[in-house]
Amino acid sequence: MPSVVVVSAPSGAGKTTVLSRVLERMPGLRFSVSHTTRDPRPGERDGVEYHFVDRSSFEELRAAGRLLEWAEVHGNLYGTAIAELARARAEGLDLLLDVDVQGAAQVREKLPDAVTVFVLPPSYEVLERRLRGRGQDDEPTIRRRLAAAGRELHAFVRYDYAIVNDDLDGCAGALESIVRAARCRVSHAAEEARAIERTFESAKEKEKA
Ligand code: ADP
Ligand code: 5GP
């Protein structure tokens, strides 16, 4: 079973930046490619950042029970296919999920071993600066995202870990440590530990013979 690490953050906190840094640096970790009904942004590729689908295809996946979790965010549907888990398992990789707070709640229910991480911006002022600096959104969108961040932030209490994206290296380092710790959880490491146990049993048998 792969380790599943779920990351959520208010828009603009730097989650995409932190996740790509961690995925570049950590072997054995795979990004879970979600399905979404939103349009691709410039530079986004189908099957890489997202599987871009229309609403009826999304509804079909959902009705067929093929989604681990799903949510409506800013008027678009987003969901994680169960197939992402199966693929990670087949490849022997751990899985990093980027989902909103509604999605994280569903994953927590369905996969109690999943580790959940909330990324916080250092402050309201820094979040505002980052949203403006990104140059992606107009003024009303920035105001909407800031208001949404204010509502979402308190959700951190339901996560296993809360990390602040102040210094990028520090934040990426913290997430890497969490992934390493997740890999050492007994639920994940039990198979290897049992194999080690068996070497002791074999040695004991040999001694007896
Ligand atoms: P999110 O995916 O959470 O919406 P992004 O990764 O797009 O956020 O980051 C928002 C903006 O903040 C981007 O312009 C990014 O370059 C910048 N940024 C991200 N992390 C940091 C950081 N630790 N320090 C300074 N700027 C950052
Ligand atoms: P964006 O459209 O900016 O890439 O993402 C918008 C929001 O949707 C982010 O909060 C992101 O975490 C969330 N999101 C992306 N993929 C999924 C998913 O598969 N499920 C859920 N529940 N949220 C997702």
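Both counts, for ligands and for their atoms, begin at 1 and track the order of listing.
Looking from atom 6 (C) of ligand 2 to the surrounding protein, the closest heavy atom is Tyr78 OH, 3.6 Å. Here the protein heavy atom with the shortest distance to atom 4 (O) of ligand 2 is Tyr50 OH, 2.5 Å. Of the protein's non-hydrogen atoms, the one nearest atom 3 (O) of ligand 2 is Arg41 NH2, 2.9 Å.
Under 4.0 Å from ligand 1, not a single heavy atom of Val18 appears. Residue contacts with ligand 2, taken as heavy atom pairs separated by less than 4.0 Å, involve Glu69 solely via side-chain atoms from C-beta onward. Residue contacts with ligand 2, taken as heavy atom pairs separated by less than 4.0 Å, do not involve His35 at all. Using a 4.0 Å cut-off between heavy atoms, Asp98 contacts ligand 2 through both its backbone and its side chain.
Taking a cut-off of under 4.0 Å to the non-hydrogen atoms of Ser34, the atoms of ligand 2 that pass are 16 (N), 17 (C), 18 (C), 19 (O). Ligand 2 places these atoms under 4.0 Å from at least one heavy atom of Ala71: 22 (N). Each of the following atoms of ligand 1 lies closer than 4.0 Å to a heavy atom of Leu168: 23 (N). Contact atoms of ligand 2 toward Thr80: 19 (O) (distance under 4.0 Å to a heavy atom of the residue). Heavy-atom proximity to Gly103, at under 4.0 Å, picks out these atoms of ligand 2: 22 (N).
Note: an N/O pair closer than 3.5 Å links Arg38 and ligand 2 by distance alone. Geometrically, ligand 1 and Ala9 share no nitrogen or oxygen pair separated by less than 3.5 Å. Between Lys15 and ligand 1, a contact under 3.5 Å exists for at least one N or O pair. Residue Gly12 places at least one N or O, backbone or side chain, under 3.5 Å from an N or O of ligand 1.
Not a single heavy atom of Val119 sits less than 4.0 Å from an atom of ligand 1. Residue contact annotation: Gln106 has no non-hydrogen atom under 4.0 Å from ligand 2. Look at Ser8 and you'll find every heavy atom at least 4.0 Å from all atoms of ligand 2.
Note: Arg180 CZ to Met26 CE = 4.0 Å, rounded to the nearest 0.5 Å.
Exactly one of Arg38, Gln102, His35, Glu72 qualifies for a side-chain contact (heavy atoms from CB on, under 4.5 Å) with Tyr78. That residue is Arg38.
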